[in-house]
Amino acid sequence: MRPEAAPSQDSSARRDQIIALFSLFKVGIITILLGFVVALNLFSPQEVLLKSHLQYAVLILVSVAFGSLIVTALVLKYRLLPARPFFMGVLFMDLLVTTILVHLTGGANSPYTILFLVPVIASAIIYSTVWSASFTFIALFLYFAVSIAGSAGWLPAVRGQYILPTDIATEDLVRRLSLNAAAFATVSALSIYLSRRLALTETVVETAKKEIIDLKFRHRDILNSLADGVLSLDGAGTILMANRAAERILGPMVRGEVHVRELGDEFREIFDLGLRDRRVVVSRDGQDLQLECSLTALKRSGKRLGHVLLIRDRTEQEKLEEEMARQNHLASLGRLSAGIAHEIRNPLASISGSMEMIRRELGEDISGDVAELFEIVTSESARLNGLIGDLLTYTRQRPINALEVDFGLFLYETLTLLRGDKRAQQKTLEFTLPDEEILALLEPDSMRQVVFNLVINALEMPTTRRVLVTLKAEPARCVLTVDDDGAGITEDAAEKLFEPFFTTKEQGTGLGLAIVSRLVEKHWGTVACDRSPLGGARFTVALPRELG
């Protein structure tokens, strides 16, 4: 069996409201009856108002009732005492006050008899069935006791009583007691029935409210778990609700009740024209986002209630699609390069071998134009062989075999080797390396080619006189910079710098920097080019300390 839920704060607040309403209801009845008594005194030939002990007693008891209302209000407002036990005490006091009032105002003939019903009704609504039956029994007992005792003269009369309890005949007493007892029982039964119906209704309302709240939170959680942004709009286009993805994509401004047109001209066009599917580009934190938007109208019985705008961020997806297309292109290029290399290298080897044999046959007789032609064939064969090697390196799909090495020591050995290159001997090659050990995960052969290509690229620039290589260690990455004091890179060239076969050199193949970019990407790093403090170009390679 499902356990009964504890009363909620809303139920407690409604219970307090019922207590306050019953207190007001009780005072209203007393006030009406007091006005009736005042009217009797004004038009009665008996002693005038406030001239008898009876009237003083009645006014005192009414004042007590008013006072209990004030105390009840203070208890409910400031939580001075527990409301339910306190109000039960007030009901018992009301029964006592009502009993005294009934005796002072004529016993069974008293107009205040109706006040016995107030605790009965209140106990049925606020407390349990047992308490309601108990209050009904107590009220009947007190009413019967005061009526019979007053009629028999067992209770003393008060000077100034307009109607004496002894003035009622036995038959009338029995009839009144019977009628009032039936009325008490009927009111008690109806009160219990209505209170149970009220409690059942409250339970149903509480259950429905809880289900609505659960549904609301579930609806919110579902929307917030979506990767796509969802905006709920009213008929005029005001944003009523935005999920977490929409806030991430469009910013915190969608939280307020702003119009969808305020998000930008693209969204104004989508809403005004009712476009169902549209791709837009918006800038967010300096980054261009590729968004796919879909506007759907909400209708019920043919009446438009509003719109739902679905926003899908395709930025990363398009990057992945571009990367997949690039990988497919590289794979195709790799297969083509392998075929070309096979077809070219074999005859190229034959040509080079034949030229060497001819050179040996001619011996020392080679001179002049013939010697120059031999040199051209040899150098061009070597250059063509290097181009094929670079092309195969760029298109190779082999994953790297990373090792944990001291990056500073590795760089020192590589740059020392580079200083022996004839291109470095004519210019100044400097490097600044940290003294402490910098461990990084990298493939030595691949990274050595990256360093070679960057340094040789700087040394081969005609206006370069000085090249500076720097290594810095950061908590999560290593940063390698290659600076030169040459002419630098133009903005147009910088955009295509790492594309294959793009070069600004007369004798360049356009694969050196493309290979650098390719190998750095395999190390989960980044490479960029900008202006160097030396005046030329700066190439920055950032490698993570641990591979992703």
Side-chain angles (χ1 to χ4, degrees), residues 14-38 57-77 81-147 150 165 176-199 202:
R14 284 197 297 272
R15 194 79 64 182
D16 292 347
Q17 291 177 356
I18 293 173
I19 292 175
L21 289 175
F22 265 104
S23 299
L24 291 173
F25 173 68
K26 177 187 66 177
V27 172
I29 292 177
I30 294 175
T31 303
I32 294 173
L33 294 176
L34 178 61
F36 175 71
V37 173
V38 170
V58 171
L59 290 178
I60 290 173
L61 294 175
V62 172
S63 300
V64 170
F66 277 104
S68 68
L69 172 64
I70 296 174
V71 175
T72 301
L74 293 175
V75 169
L76 294 177
K77 182 175 181 180
L81 294 170
R84 285 165 58 87
F86 172 78
F87 192 64
M88 183 175 290
V90 171
L91 293 181
F92 278 113
M93 185 190 71
D94 289 344
L95 287 175
L96 180 60
V97 170
T98 302
T99 303
I100 299 173
L101 278 174
V102 168
H103 173 66
L104 295 179
T105 55
N109 291 319
S110 173
Y112 288 94
T113 302
I114 192 175
L115 293 180
F116 278 115
L117 297 178
V118 175
V120 173
I121 299 173
S123 61
I125 295 179
I126 299 174
Y127 303 103
S128 64
T129 304
V130 175
W131 277 111
S132 177
S134 300
F135 270 98
T136 303
F137 175 77
I138 294 172
L140 281 173
F141 174 78
L142 292 176
Y143 174 65
F144 272 64
V146 73
S147 299
R176 285 181 178 274
L177 292 178
S178 301
L179 290 175
N180 286 332
F184 279 24
T186 302
V187 170
S188 176
L190 288 175
S191 300
I192 293 173
Y193 172 75
L194 293 177
S195 66
R196 297 289 76 81
R197 295 291 298 177
L198 177 62
E202 287 183 352

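This is a predicted model, so every value here is computed, not measured. Residue numbers run from 1 in the order of the sequence given.
With hydrogens and angles ignored, the 3.5 Å screen pairs a side-chain donor or acceptor of Ser134 with a backbone N or O of Val130. Counting only distance, with no hydrogens or angles, the side chain of Ser123 and the backbone of Val120 share a donor-acceptor pair below 3.5 Å.
Leu91 CG to Thr98 OG1: the interatomic distance, rounded to the nearest 0.5 Å, is 10.0 Å. In this structure, Thr136 OG1 and Leu117 CG are separated by 9.0 Å, a value rounded to the nearest 0.5 Å.
In this structure, Phe144 places its CZ atom where more than 12 heavy-atom neighbours from other residues, nucleotides or ligands lie under 6.0 Å away.
Shown here for Gly107 and Ser147, the closest heavy-atom pair between the two residues is C-OG, 4.2 Å.
In summary, of the residues considered (Thr99, Thr113, Leu95), a side chain to side chain contact (heavy atoms under 4.5 Å, CB included) with Tyr143 occurs for Thr113 alone.
Using cut-offs of 30° and 60° for the angle between ring planes, the Phe135 and Trp131 rings count as tilted.
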Where do Phe116 and Val102 land on the side chain to side chain contact (heavy atoms under 4.5 Å, CB included) test, with the steps shown first? CA-CA 10 Å; Phe116 278 115; Val102 168; 3.7 Å; yes

